[in-house]
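A short worksheet on the structure shown next.
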Amino acid sequence: MRTRTLEELAKHVGGTIHGDPKITVSSVATMESAQPGDITFYSNAKYEFQLKTTKASAVIVSEEIESNAALLIADDPYYAFMQIVVLIYGHRKHKQTGISKKASISESAKIGKNCNIADFATISDNAKIGDNCTIYPGAFIGPDVTLGSDCIIYPNAVIYNNCIIGSRVIIHSNASIGQDGFGFATHQGVHLKIPQVGIVIIEDDVEIGAAACIERATLGETIVCKGTKIGDMVAVGHGTKVGEHCLLVPQVGIAGSVTLGHHVALGGQAGIAGHITIGNMVQVGAKSGLSNNVPDGKVLLGIPAMDANKTKRIYGTLPQLPDMRRKIKQLEKKLAKLEKNEG
Amino acid sequence: MRTRTLEELAKHVGGTIHGDPKITVSSVATMESAQPGDITFYSNAKYEFQLKTTKASAVIVSEEIESNAALLIADDPYYAFMQIVVLIYGHRKHKQTGISKKASISESAKIGKNCNIADFATISDNAKIGDNCTIYPGAFIGPDVTLGSDCIIYPNAVIYNNCIIGSRVIIHSNASIGQDGFGFATHQGVHLKIPQVGIVIIEDDVEIGAAACIERATLGETIVCKGTKIGDMVAVGHGTKVGEHCLLVPQVGIAGSVTLGHHVALGGQAGIAGHITIGNMVQVGAKSGLSNNVPDGKVLLGIPAMDANKTKRIYGTLPQLPDMRRKIKQLEKKLAKLEKNEG
Amino acid sequence: MRTRTLEELAKHVGGTIHGDPKITVSSVATMESAQPGDITFYSNAKYEFQLKTTKASAVIVSEEIESNAALLIADDPYYAFMQIVVLIYGHRKHKQTGISKKASISESAKIGKNCNIADFATISDNAKIGDNCTIYPGAFIGPDVTLGSDCIIYPNAVIYNNCIIGSRVIIHSNASIGQDGFGFATHQGVHLKIPQVGIVIIEDDVEIGAAACIERATLGETIVCKGTKIGDMVAVGHGTKVGEHCLLVPQVGIAGSVTLGHHVALGGQAGIAGHITIGNMVQVGAKSGLSNNVPDGKVLLGIPAMDANKTKRIYGTLPQLPDMRRKIKQLEKKLAKLEKNEG
C-alpha cells in the first residue's frame, strides 16, 4: 500500500488536523486492532476508551477529543472514513476476462462493451447487458432481461425473465430477482397458481445482498427505487414498491403490494404486512412488525409497532407485569375489607 | 395479445355480466394502472375507491357494485381472476431446448421424454427424471434423486441425494432440498455430527420458493405433502411433516419433528418450535411463535401464540401498561391512607 | 447393511444391555417407524408411550425403563445414538471423481491431494485448496481463498475473495461466505458504499447451513471459531466474532461487530443487535431479541430478552392484561366512592 500523509488525507476529505500533519498512514484498521501506520475511526461512544489505547497513528473524529493518536477532524467522520477507505483500497477489482467461451450466451443476447462474463454464467435469449458489467460464474440472466451499465452480478445470483435492472447495480451471490410472487387462488381447498406476469424493476445504484429474494409482480411491477440498499436474505413481496434510498437490513421481510417511501430504514428481521403504505423517512426497529399505514418521519418499534419511545416504556414496564397482577389482587382484598367494614 | 369479449370471459369463468358483453379486453392489470382494453380485479375493500377511477374496460367482482368499468360478476372472483390470467397469458413458457451437451449428466441417470436440461445443470448418478421436466442452468439433481413428470427446477436450485420429488413440482432458484438436518450430539463440549441418513419427500403439485431450505431427516423422511405452497426463504426442519395444501408464507421457520395438518396457513416470519403437532386448518398470524400443540381450526397470533382475538385484546391493552402501573401505585397510596384513617 | 449384535453395539458405545445380547440389528429408525431389525432411540419424555409400542429390536436409553424392545443403556444416549448411526451408515460418501475437466480452475490455484472438484465448480486465481476436499458443482471459490483439508463445499455455495476456511469445514448448498458487509456512509441522503476490505475466517470443524450468509468485515475479520455449527439461512454481520462450539439454529440473525463467547446457543429466528458482547455458555430462546451485553451462563428469552424464567412469568400474565385493566378501573371507582363517603 502506498503511504499518505495525514495532511493529504485531511485535504482529501476537507478535514482539519490536530497533531503532526506529516504523520504517514498506509492502511485503515479498527481502533482495537490498529498498529502504527494505520488510520482508524471513532464514532460509537461505546468505544471511547479505545481512543487512549489504540496504537493507530491517526483517528478520524468529529471534534477534538483526547486520544494518543493524531486527530483528523471531519464534519461527517463516517463519510470521511468512507472516502479514505475508497482512496486507500478502492472497491473490489474484478479480473478483466472478457467474455468466456465457457459461458452460455444466447445468439440473440446483446452485450455491451468491456463486459466480463465468466465461465458457467448464462445470458439468455434477448437479454441486453450494458457496458462494463461483470457477471460471475453461475449467474443466470434470464430471457429478455435488461441490465444497465457497470453492474456486478456475483456468483449464482439469478434474474428471471423480463426483469429490468438499472446501472451500477450490485447483486450478491445466490440472490433471486423476479421469481414468481407467492400468489394462489384457493378453490375448493386447492391452491391454484396465478401466473405472475409482472416483472421486477431495480433502479440505478441499488445493492442487493446475498440470498435476498425479490418477487416479481402478479401484474405490473415490483420496484426497488434508486439508491436503495438491501441486505442479505431480505424478502420483498410481489407488487411492492420500495422507495429511493431506503436501507433494508438483513432478514427484513416485506409482504406484497406494500409502498415504502424514500429513506425508509428497516431494522433486522422487521416485517411489513401486505397492502400498507409506509411514509418517507420512517425508521423501524429490529424485529418490529407493522400492519398499518405509517405517516412520514415516524420512528417505530415493537410487535405491533408503535412509537419507539412508547414501546420502550412498555418494555420497561413488562418485567413488573406479574407483580402488578399480584398487587391488583391485594388491592381487591383490602378494598373488599374496607367496604365490608364501612357497610 | 389476442382480444376477447367480456362475454367470452364470463362464459369461461361461469360468471355474469353487468354492462356491455361485447366489450373487448386483451390484457389484465391492477385497478390503478389499468387502461382501456384491460380487465381488472376487485377484492380488497381498501381499494374500493379505485372502482370509480379505474380506466379498465371491465372489473371482476363478487356482486353488483358501482364502477365506471363493466362488471364481470363471479362467485369466487379471485378464482375467476386466476382463470382469466391463465387464459390470457398462460404460465411461463420454457424454451424447448432438449438436453444440452453442456449439461453434466451421469450415464446412469434416466431421463424421461421431452425434458429440457440446460447448460451447467447436473444430473447425478442413478437420478431419475420424469417426462416433460425443465431443469434450468446450475440446478443440481443429486445421486439417486427421483423427480416425477412436469417438474420445473429453476436456476441453481439444489436437490441432495436420494430425495423423492413428485410430479408438477416447481422449485425456485437457489432453493435447497435435502441438505443435512441440524443434528449434533454434544459430548464433552464438542458438537458431533449425526449422519442425516433420512431423505426429503416432496409430493405432487408442491411449489417451493427461492432460497427455501428443506432439511433431510436424521432417520426416515421430511415430507411436504401434495398441493402445499412454500414461500421464499422458508425453513423446514429435519423429520418434519407438512400436511397437504398448506401455505407457508416467506421467511416462515419450522423446526424439526413437527407435524402440520392439512390446509395450515402460516404468516410471514412465523416460527414453529420442534416436536409439536399443529392440527388441520390452523391459521397462524405473521411473526407468531408456537411451542405447543394446536388443535384443528384454531386461529392464532402472537409470541407466544394465543387465540388471535385474545392477542388482539392484549395488543390493545399494551399501550396502557405504563399508565396501569402508575394507577396501581396511586391506588396503593390512597388505600393505605384510607386504611390508616380507619385504623 | 451388515448385521450387528446388540453386544457389539454396547461394546462400541461403552453401554450395558438389558435383554438378549445376541439380538441383531442392521439399521436405525425412529421409535414410531422402527421394524424388527432396527435399533431406535429414546430421549424426549414426550415419546415415552412409544417405548411400549415400538417394533424395534432394541432401544438406546439412559436408564432401565419399561419397553418391549431390548435396552441398550448408555450414560449419554444421544451420543451413543450418534456413534451407532456413524457405525452403521457412516457419513455421506462423495464420488471420487478427481478434478473434472469441466471445472474452471485457475492456473495459479493450488490444489491438494485427493480432491474432488466437480463440473462447473470454479477455483479462482491463487486459491489454495487443502487435501481431500470435495467441491460440488457450481461452488465458487474466489480469488486468494484458502481452504484447509477435508472440506466439503456443496453445490452453488460461494466463497468470496481472500476468505480463510479451516479444515473439516462443511458448507452447504447456496451458502454465501464473505459477501460485502452491509456498510454504507450516508451523505446528503445518499448511501455510499464503504469498501469491505476485511475477510471472513471460518475455523476448523465448522458446519454452515444452506443459504446461510456470513458477511466479510469492513476492516479486519468476521470470525466463526472452531466447532461452531450454523443452521440454514443464518445471517452473521460484518466484523462479528462467533466463539467456539456455538450452535446457531436456522434463521438466526446476528448484526455486525458482535462478540459471542464459546458454547453460545441461539434458538431459531433469534436476533442479536450490533456492537454487543454475549458471554460464554449463554442460551437464547427462539425468536428472542437481544440488544444489550449478556454475562456468561445466562438463559434468556423474549423481546426484549430477559431471564427466561422471568419472561415465562410475563408470558403467563399477558393473557390477564385486559382483565387487569378492567379491574384497575373498578378499583378506582370503588375507592373514589369510599373516599367520598369518608370525606
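Please read these numbers as outputs of a predicted model, since none were measured by experiment. In the text below, chain A, chain B and the rest are named by the order of the sequence lines, each starting its count at 1.
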- Item | Student check: side-chain heavy atoms of Asp180(C) and Arg92(A) closer than 4.5 Å | yes

- Can you say whether Asp205(A) sits under 4.5 Å from chain C via the side chain, the backbone, both, or neither, judging by heavy atoms? neither

- Message: Between Phe184(C) and chain A, with a heavy-atom cut-off of 4.5 Å, which part of the residue counts as in contact: side chain, backbone, both or neither?
- Response: both

- Leu219(C) side, atom CG; Thr40(A) side, atom OG1 - distance, nearest 0.5 Å: 7.5 Å

- Would you say Ile276(C) and Lys46(A) make side-chain contact, with heavy atoms under 4.5 Å? yes

- Contact class of Tyr78(A) relative to chain C, heavy atoms under 4.5 angstrom: both

- Which heavy atom of Gly316(C) sits nearest a heavy atom of Arg325(A), and at what distance? O-NH1, 4.4 Å

- Looking only at Ser124(C), Gly181(C), Ser288(C), most heavy-atom pairs under 4.5 Å shared with chain A are made by Ser288(C)

- Point-to-point distance, once rounded to the nearest 0.5 Å, from CD1 of Ile303(A) to CD1 of Ile303(C): 4.0 Å

- Message: Using ring-ring contact (aromatic ring centres under 6.0 Å, His included), reason through Tyr154(A) and Tyr160(C) one step at a time and then give a plain yes or no.
- Response: CA-CA 9 Å; Tyr154(A) 281 104; Tyr160(C) 279 61; 5.0 Å; yes

- Output the option from Gly189(C), Gly138(C), Pro143(C) having the highest count of non-hydrogen pairs under 4.5 Å with chain A. Gly189(C)

- Task: Could you tell me which portion of Ala235(C) (side chain, backbone, both or neither) has an atom closer than 4.5 angstrom to a non-hydrogen atom of chain A?
- Result: both

- Item | Any side-chain heavy-atom pair of Phe182(C) and Val234(A) under 4.5 Å | no

